[in-house]
Amino acid sequence: MITVTTASELRDVLTAERRAGGTVGFVPTMGYLHPGHASLVARAAAECDSVVASVFVNPLQFAAGEDLDTYPRDPEGDARTLEAAGGDVMFLPHEDEMYPGGRSAMLTSVAVSGLSARWEGAARPEHFAGVCTVVAKLFHLVGECRAYFGEKDWQQLAVVARMVEDLSFPVDVVGCPVVREPDGLAMSSRNVRLAPAERAAAPVVHRALRAGADLVADGEADAGAVRRAMAAVVAEVPAATVDYLEPVDPRTLEPVDRTDRPVRLIAAVQLGSVRLLDNVGAAPGGTA
Ligand code: PAF
């Protein structure tokens with residue numbers, strides 16, 4: 001595996017790959033890679049001739065006061081993880097490479113309205129414009145590819161897929177299943193910040209989602225009842241604060257009144273300094 005830090009090096013490598021007839025898989029990340037990221041790289045390696053992963057903590061998607069400065073970083077460990085998972089190129093740009101003149105010099109922003117407004121967008125109003133702007137830039141640098149995103153950030157996946165559709169990027173967006181710890185906690189780079197007691201309590205989010213999915217599978221068609229059942233599970237952990245815990249339409253992310261069809265159960269729960277995001281599919285009969 002090679003590491004490149006500039007857009008021109010990345011283009012050179014990918015141009016050579018494409019001249020040789022190879023297909024490109026792309027995994028955008030903010031680094032501090034865990035087995036969830038590795039699963040995206042491994043899937044890309046299985047489906048594409050060459051795999052690029054970007055490692056860039058994107059300042060545009062952090063609001064003032066969020067954890068940009070303390071976001072965990074480990075580029076050497078990331079290189080080892082990528083290589084072991086089958087990555088070929090690590091793109092590790094400095095902020096100046098992505099935002100010449102500084103991020104405040106950026107006059108262009110890419111925003112997907114509607115889909116970005118609720119849930120994470122309501123809690124973090126600038127977040128998805130920051131995500132879409134950097135992902136659009138990365139897609140331009142990487143070019144035609146299959147791009148792999150984890151389903152843990154279900155709303156991000158929906159927003160990026162819509163951006164790709166609306167702006168005709170030559171990119172196939174591939175959503176990949178959430179990778180979990182043995183106790184059900186969805187893997188996330190930020191989990192490292194959970195204090196031991198918080199880490200022990202954190203699987204409550206997945207337990208709540210599973211309880212909701214089981215109710216839907218058993219035929220509960222009232223979304224309010226499903227929401228209340230999930231909230232009751234999280235309430236077992238007094239330190240956990242629910243931001244949202246909702247049955248939504250899997251594509252539009254609009255809340256639903258009825259759960260008599262496939263839905264996505266989405267959650268954001270604050271535990272200490274960590275915002276835990278998770279989601280599961282649910283359907284009557286249990287086949288979402
Ligand atoms: O999911 C992430 O890690 C980031 O939001 C992404 C897609 C790499 C953009 O910075």
Side-chain angles (χ1 to χ4, degrees), residues 7 10 25-41 43-44 51-63 66-75 77-78 81-82 85 87 89-95 97-99 103 106 108-112 115-116 119-121 123-142 145-164 167 169 171-179 186-193 253 266 268 274-279:
L10 180 64
F26 176 44
V27 181
T29 82
M30 296 209 300
Y32 211 71
L33 303 179
H34 52 66
H37 295 112
S39 75
L40 304 180
V41 174
R43 171 127 177 229
V51 179
V52 181
S54 57
V55 172
F56 178 61
V57 182
N58 171 37
L60 287 188
Q61 67 192 75
F62 292 77
E66 289 187 353
D67 58 347
L68 172 62
D69 294 337
T70 57
Y71 193 85
R73 290 164 167 87
D74 178 16
D78 291 344
T81 302
L82 290 178
V89 183
M90 172 157 96
F91 179 47
L92 184 67
H94 191 268
E95 189 178 330
E97 185 67 18
M98 293 300 285
Y99 304 122
R103 70 193 96 138
M106 283 283 288
T108 304
S109 172
V110 182
V112 176
L115 270 180
S116 298
W119 317 122
E120 285 314 285
R124 308 176 66 192
E126 297 150 46
H127 176 67
F128 284 121
V131 170
C132 287
T133 303
V134 81
V135 171
K137 252 180 113 99
L138 291 165
F139 283 171
H140 282 303
L141 297 178
V142 172
C145 65
R146 282 168 71 80
Y148 296 80
F149 289 81
E151 288 182 350
K152 185 180 91 61
D153 297 304
W154 185 263
Q155 187 175 11
Q156 170 173 279
L157 175 59
V159 166
V160 168
R162 186 57 191 251
M163 176 187 79
V164 163
L167 299 182
F169 281 91
V171 173
D172 284 333
V173 175
V174 183
C176 302
V178 181
V179 176
M187 288 193 182
S188 163
S189 304
R190 287 183 169 107
N191 289 350
V192 70
R193 296 227 198 85
L253 301 177
I266 60 169
V274 180
R275 184 175 172 83
L276 299 168
L277 302 187
D278 201 350
N279 65 89

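Model, not experiment: these values are computed from the prediction. Order of listing sets the numbers, starting from 1, for every ligand and every atom in it.
- Counting atoms of ligand 1 from 1 in the listed order, those under 4.0 Å from a heavy atom of T29 are 8 (C).
- A salt bridge does not link D78 to R73: none of the charged side-chain nitrogens sits closer than 4.0 Å to a carboxylate oxygen.
- In summary, the atoms of ligand 1 found under 4.0 Å from a heavy atom of Q61, numbered by their order in the structure, are 4 (C), 5 (O), 9 (C), 10 (O).
- Between Q156 and ligand 1, at least one N/O pair is under 3.5 Å apart.
- How far CG of L277 is from CH2 of W119: 13.0 Å, rounded to the nearest 0.5 Å.
- By the side chain to side chain donor-acceptor pair (under 3.5 Å) test, R43 pairs with E47, sequence neighbours left out.
- Of all atoms in ligand 1, numbered sequentially from 1 with element shown, those under 4.0 Å from a heavy atom of V134 are 9 (C), 10 (O).
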Any chance you could lay out the side chain to side chain donor-acceptor pair (under 3.5 Å) test for N58 and Y99, step after step, and finish with the verdict?
CA-CA 10 Å; N58 171 37; Y99 304 122; 2.5 Å; yes
